[in-house]
Amino acid sequence: MQIQNIPIEEAFENAGECPFCYIERRTEDHMMDFVLGHSASYMEPDIRDMTDREGFCRQHFKKMYDYGNALGNAWILKTMYLRNISEMKKEFKDFKPSGRSLFKKDGENSIAEWIRGKEKSCFICSGVATSFGNYMKTFFSMYKEDPAEFLKRIKGTKGFCLSHFAVLIEQADKSLSRQELDEFYRAVLPLMEENMDRVYGDISWFVDKYDYRNRDADWKNSKDAIPRGMLKLKGTDPSLPPHTLDR
């Protein structure tokens, strides 16, 4: 087995509602370990320069806090604040509240634009996106080696979350021939319909179970329908504990 295929194999073994959710979660965990783990990359000036420039989104700030490395977070925040304060002072110095202008769109404000620009990037998000894109290419390289066998494995899963299904079919359109695409879609579209219906059925029964007439009825497969339902729609499982520093 080629080393780049291992994460795909692991994803099939731990597919749950979406094998790509497993890959993305593992990739994010590795990025968190790189930023705040025992390797102490946050102590390297070149790494902190990158994290300072790209920053972190709201979600990853929360996950970084939950990770548990207080000193690492403090180091990262310290240098981020130095950069932000320096840039902010320059923005304030050059700012002219001109209102309407021939050179600006109505309502455009240079300070607000500076802030908005910083909110568009995240060091962890960009790292995950790059790695995930490479895994998606590997997925289709494996597919093309033996389409029949790979389709059999795909059909053995519970499909994909809607978010990753969009990424999957976009990459399929780029990677597969016309004939391969026809075969691919004949397999994955019914698979998605079947499993969306399955999750809907579990959620629907979860609701019906609260009817007094069903008080003594079996929960069937609905006890964890809420987190699975959220994962199937958006690729996030709220029931998972946060990834934390391995002490």
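Bear in mind that the values here come from a model prediction, so they are computed numbers and not experimental data.
Of all non-hydrogen atoms in Cys122 and Cys57, the two that sit nearest each other are SG-N, 3.3 Å. Summarising the geometry of Pro227 relative to Asp237, their closest heavy-atom pair is CB-OD1, 3.4 Å, with the distance given to 0.1 Å. Leu191 and Asn195 make their closest contact through O-ND2, 2.9 Å (heavy atoms, listed as atom of the first residue, atom of the second, distance). Counting all heavy atoms, side chain and backbone alike, Ala187 lies closest to Lys155 at CB-CE, 3.6 Å. Considering every non-hydrogen atom in both Ser126 and Glu54, the closest pair reads OG-OE1, 2.8 Å. Of all heavy-atom pairs between Leu36 and Leu245, the closest is O-CD1, 4.0 Å.
Connection of Leu77 to Leu71 is established within a shared hydrophobic cluster, with ILVMFWY side chains joined at heavy-atom distances below 4.5 Å, either directly or through further cluster members. Criterion: ILVMFWY side-chain heavy atoms under 4.5 Å apart, direct or through other members. Under it, Ile8 and Val128 are not part of a common hydrophobic cluster.
Side-chain atoms of Lys209 come within 3.5 Å of backbone N or O of Arg215 as a donor-acceptor pair. Listed for the Ser175 side chain is no donor-acceptor partner under 3.5 Å among the backbone atoms of Ala172. Of the possible polar contacts, none joining the Asp49 side chain to the Pro45 backbone as a donor-acceptor pair under 3.5 Å is found. Remark: side-chain polar atoms of Thr138 are paired, donor with acceptor, to backbone N or O of Asn134 under 3.5 angstrom.
Between the CZ atom in Arg26 and the SG atom in Cys21 there is a gap of 14.5 Å [rounded to 0.5 Å]. Asn84 contributes atom CG, which lies 9.5 Å from atom CD1 of Ile115 (distance to the nearest 0.5 angstrom). Taking CZ of Phe206 as the start and CG of Asn214 as the end, the distance is 13.0 Å to the nearest 0.5 Å. Annotation: the span from Arg178 atom CZ to Asp173 atom CG amounts to 8.0 Å, rounded to 0.5 Å. Put simply, OG on Ser163 and NZ on Lys232 are 11.5 Å apart, with the number rounded to the nearest 0.5 Å. Glu149 CD to Tyr143 OH: the interatomic distance, rounded to the nearest 0.5 Å, is 12.0 Å.
Screening Tyr65, Phe61, Tyr42 for a ring-ring contact (aromatic ring centres under 6.0 Å, His included) involving Phe56 leaves a single residue, Phe61.
For the residue pair His243 / Glu28, no side-chain donor-acceptor distance below 3.5 Å is found, with atom types taken as modelled. Between the side chains of Glu113 and Ser110, no donor-acceptor pair of N or O atoms lies under 3.5 Å. Under 3.5 Å, the side chains of Tyr67 and Asp33 contain a donor-acceptor pair of N or O atoms.
Here Phe150 and Phe139 bring their ring centres to under 6.0 angstrom of each other.
The aromatic rings of Phe160 and Phe20 lie parallel to each other, with less than 30° between the two planes, well short of the 60° mark.
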> How far apart are the C-alpha atoms of Phe123 and His60, what are their side-chain angles, what is the distance that settles it, and do they pass the side chain to side chain contact (heavy atoms under 4.5 Å, CB included) test?
Replying inline: CA-CA 9 Å; Phe123 182 78; His60 282 124; over 6 Å; no
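For Phe140, the ring-ring contact (aromatic ring centres under 6.0 Å, His included) partners are Phe184, not counting sequence neighbours.
The 12-atom threshold is exceeded at CD of Glu87, counting heavy atoms of other residues, nucleotides or ligands nearer than 6.0 Å. No more than 12 heavy atoms of other residues, nucleotides or ligands sit less than 6.0 Å from atom NZ of Lys152. By the neighbour-count criterion of 12 heavy atoms within 6.0 Å, atom CD of Glu119 is densely surrounded, having more than that number from other residues, nucleotides or ligands. For OH of Tyr81, the number of neighbouring non-hydrogen atoms (other residues, nucleotides, ligands) closer than 6.0 Å is 12 at most. The neighbour count for Phe12 CZ, taken as heavy atoms of other residues, nucleotides or ligands under 6.0 Å away, is above 12.
Within the 4.5 Å cutoff, side-chain heavy atoms of Met32 are placed close to those of Ile124. Proximity of Met136 to Ile23: side-chain heavy atoms (C-beta onward) are nowhere separated by under 4.5 Å.
Checked for salt-bridge contact, Asp29 and Arg25 miss the test: no charged N lies under 4.0 Å from a carboxylate O. Using a 4.0 Å cut-off between charged nitrogen and carboxylate oxygen, Asp182 and Arg186 do not count as a salt-bridge pair. Using a 4.0 Å cut-off between charged nitrogen and carboxylate oxygen, Lys220 and Asp202 do not count as a salt-bridge pair. Ion pairing between Glu17 and Arg198 holds under the 4.0 Å rule for side-chain N and carboxylate O. By the 4.0 Å N-to-carboxylate-O rule, Asp52 lies too far from Arg48 to be salt-bridged with it.
Hydrophobic cluster membership of Val207, counting Ile, Leu, Val, Met, Phe, Trp and Tyr whose side-chain heavy atoms lie under 4.5 Å apart directly or via other members: none, as it forms a cluster of its own.
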